[in-house]
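To start, the structure under review is shown below, and the notes come after it.
As a basis for the values below, the full set of heavy atoms in this structure was taken, side chains included, without hydrogen atoms, waters or symmetry mates.
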Amino acid sequence: METMQQSPDNENADSQGLPDKNYWLYGLLIVLFALILRLFELGERVFHHDESVHSSFTLKLLENGEYSYDPAYHGPFLFHTTAAVFHFLGINDATARLIPVFFGVTTILVLFLLKKELGKRGVLWSMFLLAFSPSMVYFSRFFRNDMIIIFCTLAAVAGAFRYLDNIHSPKRYPYLILTASSLAIAVSSKENAYLILLIFGAYAGLGLLYRVYSDWKKENLGLQKTLLRKTSAVLPYLPEIILSVALSIFIILFFYSSVFRNDISLISIVERAFNHWMAMHRIERIGGPFYYYIPILFRYEIPIILFGTAGFFHFLRNKGRNNGQNYSFFLFLCYWALTSLLLYSYLQEKVPWLVVHIVLPFGVLAGALLGETFSRNTENGQPKEANYSNKNRILLAGILVLTLLVSMGQCISVNYYRSMEPSELMTYTQASPDIRELMEKIEAFDGSPETLRIYVIDPSKLYWPLPWYLRDYEKAAYSSKPPASSKYDAIIVPISYDMYRELPEEEYSSYNFTLRPGRDFTLYYKNNLEK
């Protein structure tokens, strides 16, 4: 098997004049910074509609061992891992979000594996940009699958490049396991894993065809002989590749079968996922314009999108950097960034959380460019001529500081002050803080969760996240129409329902609240419930 020319693992990094001790210290401080950002007031934001639906799947799995794959709610990995968190740490808003927090932070750690390609400073800049990226922080604090996919995507990329880098050494095996297991967990988490496989598979396929074609022309051999030589080069690695595929299939079936308790095949998993999401794309269930993600990127991710775009053009044209040894990596990185932007812009499933799949490759590109721009280049221990003039560096530094301040301000605002504001592009049908006041009122009623009878009505059955917050109320019921009898203590209905036509006004009080933007409800409750 052929691979690109490699150099010692620390050659590129050491040329930037950053001692290993400082490199690891700065990196770990950035990871700590990222962890604090993601854990601070983690349970403060009210559960989103999707978070509460995911929590219902998790609670059924935890309490009854029930799980059945439904592509509308994505794969099983999030539910099974969060069920374990609930079992050991308890059930609340904060613990429900710990798995996304964990994968959001470990994504930043994975960048350490790309030191050879990015350089020490490139790694640190990439880590820093992704650590406080408003969208990365927001959706690392969100009970959804996307940060798991983000981690698996970057881990698969790092694992693949480290595997090729160590192709003639036994050190390659852990990286092959990392790549295989990461892709398997991605498939077990969410259906856009198939998009990632498509993006990466297309690149690998085109690269292989180009290598075969160029060698065929260069060596003046027949096509058949060239193919035989290439095949013979791969054969020694075939057993480990087959074993890694088997490992991936095992992991996928382990989760989709709910630890082999359900009968499900790999073919049916893929078929159901494709059929459902192709149908969603055709009907444009959550459609939007092609440029849907552009305003989000420019509102929240200015340094990443600005320096990432600059890095895209810089690395594409600079084939001679480091004697070309890292050009193949940056060519792939540019391809990954461009195809992610175009593919997610094309697909008619436009939701804010998908923006993180665009931010990731652009964030790495931006970090690589900044690492190269602001490096202290040395050669044989002596200062080396800078790649940029002092004036250009000062200008870039000024732009960088300004955009970082804007982005940091947005990160703090959208995550800690305006995380439930409808005007924020990131929040998208976020449940209202009114639900906290509603629950305080219900919890103050003269009645226990075991006996209090609550009826929730919504013709559209879009009453989430109420089932999550009423999970301890054993007699809570949900319906699309009012109940036939009046055997309830409290009833929650859309505000357009005038329940006083059916309820005696002298016996019931009412309380209005907003469930989420455009969804106003009323709680009717018996007067004798108030202490």
Counting distance only, does the side-chain N/O of [X] pair as donor-acceptor with the main-chain N or O of [Y] below 3.5 Å?
| X | Y | answer |
| --- | --- | --- |
| Lys116 | Leu113 | no |
| Ser248 | Ala180 | yes |
| Asn275 | Glu271 | yes |
| Arg393 | Thr373 | yes |
| Lys120 | Tyr23 | no |
| Ser133 | Met136 | yes |

Anything under 30° is parallel, anything over 60° is perpendicular, the rest tilted; go ahead and classify [X] against [Y].
| X | Y | result |
| --- | --- | --- |
| Phe200 | Trp336 | perpendicular |
| Trp353 | Phe139 | perpendicular |
| His74 | His54 | perpendicular |
| His80 | Phe255 | perpendicular |
| His281 | Tyr346 | tilted |
| Phe332 | Phe329 | tilted |

Check: Of all residues at least two apart in sequence or in a different chain, which pass the salt bridge (charged side-chain N to carboxylate O under 4.0 Å, His left out) check with Glu41?
Finding: none
Check: Would you say the ring centroid of Tyr327 lies under 6.0 angstrom from that of Phe315?
Finding: no
Item checked: Partners passing side-chain contact (heavy atoms from CB on, under 4.5 Å) against Ile242 (at least two apart in sequence or in another chain) -> Leu238
Margin query: Please list all pairs meeting side chain to side chain donor-acceptor pair (under 3.5 Å) that have one or both residues in residues 169-187, counting only residues at least two apart or in different chains.
Written below: Arg172-Glu240
Kindly list each side-chain donor-acceptor pair under 3.5 angstrom involving residues 95-105, sequence neighbours excluded, with atom names and distances?
residue, atom, partner, partner atom, Å
Thr95, OG1, Gly90, O, 2.9
Thr95, OG1, Asn92, N, 3.1
Thr95, OG1, Asn92, O, 3.1
Thr95, OG1, Asn92, OD1, 3.2
Arg97, NE, Glu51, OE2, 2.8
Arg97, NE, Arg141, O, 3.4
Arg97, NH1, Leu42, O, 2.9
Arg97, NH1, Arg45, O, 3.1
Arg97, NH2, Arg45, O, 3.1
Arg97, NH2, Glu51, OE1, 3.0
Arg97, NH2, Glu51, OE2, 3.4

Item checked: Pairs meeting criterion salt bridge (charged side-chain N to carboxylate O under 4.0 Å, His left out) with involvement of residues 299-310, two or more places apart -> Arg299-Glu424
Next item on the list: Scan residues 189-198 for pairs that pass salt bridge (charged side-chain N to carboxylate O under 4.0 Å, His left out), counting only residues two or more places apart or in two chains.
Entry: Asp146-Lys190
Check: To the nearest 0.5 Å, what is the distance between CD1 (Ile108) and CG (Leu130)?
Finding: 6.5 Å
Check: What is the minimum heavy-atom distance between Pro517 and Gln430, and which atoms define it?
Finding: CD-O, 3.3 Å
